[in-house]
Amino acid sequence: MNLLMQYAKIVFFTGAGMSKESGVPTYRGAGGLWNEYRYQDYACQEAFERDPVAVWEFHDKRRAAAAACQPHSGHHLITRFIAARQAAGKAGGGVTIVTQNIDGMHQRAGAEPVYELHGSLWRIRCDACALVMENRDVPLGGYQHSCGQYLRPDIVWFGDALNRGVLTKVVHAISHCNLFVSIGTSAAVFPAARLPMHAIENGAALIEINPEPTPVSQQYPKHMRGPASAMLAELLGPADPD
Ligand code: OAD
């Protein structure tokens, strides 16, 4: 039996490093998006109000890049792990994925529930009409809603508050978990970077998967220094042969 089966409630907390091996660029570090683009020009409400077309062109590129990528073995291992726990009789598998990623890769690998802390590239909204819609068109095409206002990606940009409903569910899941596994996040963005504290307060076991140390590494008694796919294979069992 996988050793992780002993934990009743598990949270996988993922960041851009989780999607790196799928080919989705991270934000920081080598090849990071914020080395090439200033977030002040493309990922905040002020930029959107100044130049919605430039902001949309940037997000259209992100959508095209994510659509061209596939979930990797690490995503599939998490999905398979959830299914194995469900088969063992744990309601919902007792596993929650909390992701800062907006690329939808966990869902494409068939995992649920996935709480998206920073929203999704695949949802758009019209703030004037208080409407949120799923949309997977690449490119989006028209950037304006039928009401005439510019549509907006349903993403938590710099300076935006997190969605309260999502945050409530996330804090509940993390506060009640017995094992918290962080995968591929630099812990540079708040309040996401503070969330592991809820697991620590609950006395959960904590594991950090990241090839590099992070500013919060000392909060984790166990570190797995390597890429997500290999470290998840070590933790959850090897991937199925193709
Ligand atoms: P970052 O780009 O800040 O950090 C990526 C992390 O992944 C780094 O710590 C890397 O060491 C690690 N990493 C790289 N390759 C890896 C691999 N193969 N396996 C595992 N880890 C690997 O990404 P986030 O921490 O997710 O906001 O960034 C947080 C937020 O900042 C993002 O959600 C985004 C950004 O602005 C929004 O999209 C709204």
Side-chain angles (χ1 to χ4, degrees), residues 12-48 55 58-63 65-66 69-78 97-106 109 114-125 152-163 166-167 170 181-196 207-220 222-236 239:
F12 290 101
F13 178 64
T14 66
M18 179 75 209
S19 292
K20 173 90 180 272
E21 292 163 85
S22 290
V24 182
T26 58
Y27 296 94
R28 299 169 185 82
L33 274 182
W34 301 146
N35 302 332
E36 194 180 340
Y37 298 92
R38 274 167 36 94
Y39 75 80
Q40 294 91 334
D41 293 335
Y42 299 104
C44 63
Q45 184 65 26
E46 293 77 11
F48 180 68
V55 169
F58 170 79
H59 284 86
D60 256 347
K61 279 193 208 154
R62 305 280 70 76
R63 283 157 75 99
C69 295
Q70 301 295 329
H72 61 72
S73 61
H75 294 103
H76 293 298
L77 280 169
I78 294 178
I97 298 172
V98 176
T99 191
Q100 296 168 81
N101 298 342
I102 56 177
D103 55 29
M105 219 51 92
H106 286 295
V114 181
Y115 296 142
E116 294 174 309
L117 265 182
H118 291 161
S120 173
L121 270 174
W122 308 114
R123 284 194 310 270
I124 56 177
R125 61 180 210 239
R152 206 205 110 135
D154 191 27
I155 291 172
V156 178
W157 283 329
F158 286 91
D160 290 349
L162 297 184
N163 177 295
V166 173
L167 185 60
V170 163
V181 185
S182 160
I183 309 170
T185 176
S186 63
V189 169
F190 288 83
R194 253 193 308 273
L195 289 171
I207 301 173
E208 180 183 64
I209 296 179
N210 197 312
E212 311 280 340
T214 72
V216 296
S217 288
Q218 79 287 351
Q219 292 176 355
Y220 292 82
K222 181 172 165 68
H223 307 116
M224 299 179 76
R225 295 273 171 247
S229 62
M231 298 302 100
L232 283 166
E234 209 173 289
L235 197 64
L236 305 179

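All values derive from a computational prediction rather than experimental measurement. Remember, it's 1-based here, ligands and their atoms both numbered in the order they're listed.
If you check which protein heavy atom lies closest to atom 17 (C) of ligand 1, you get Gly17 O, 3.3 Å. Among protein heavy atoms, atom 38 (O) of ligand 1 sits closest to Tyr27 OH, 3.2 Å. Ranking the protein heavy atoms by distance from atom 36 (O) of ligand 1 puts Trp34 NE1, 3.0 Å first. When only non-hydrogen protein atoms are considered, atom 8 (C) of ligand 1 lies nearest to Asn210 ND2, 3.8 Å.
Close contacts between ligand 1 and Glu212 involve ligand atoms 11 (O) [criterion: under 4.0 Å to a heavy atom].
Arg62 forms a cation-pi arrangement with Phe58, by the criterion of a distance under 6.0 Å to the ring centre and an angle within 45° of the ring axis.
A donor-acceptor contact under 3.5 angstrom links the side chains of His106 and Thr14, judged on distance only.
Looking at Met18 next to ligand 1, no N or O pair under 3.5 Å apart turns up. Between Gly15 and ligand 1, not a single N/O pair is under 3.5 Å apart. The shortest N/O to N/O separation between Ile183 and ligand 1 does not fall below 3.5 Å.
By the side-chain contact (heavy atoms from CB on, under 4.5 Å) test, Asn35 is found to be paired with no residue, residues two or more places apart in sequence or in another chain being considered. Partners of Arg225 under the salt bridge (Lys or Arg N to Asp or Glu O under 4.0 Å) rule, at least two apart in sequence or in another chain, are Glu208.
Among Ala230, Pro211, Ser19, the residue whose heavy atom sits closest to atom 21 (N) of ligand 1 is Pro211.
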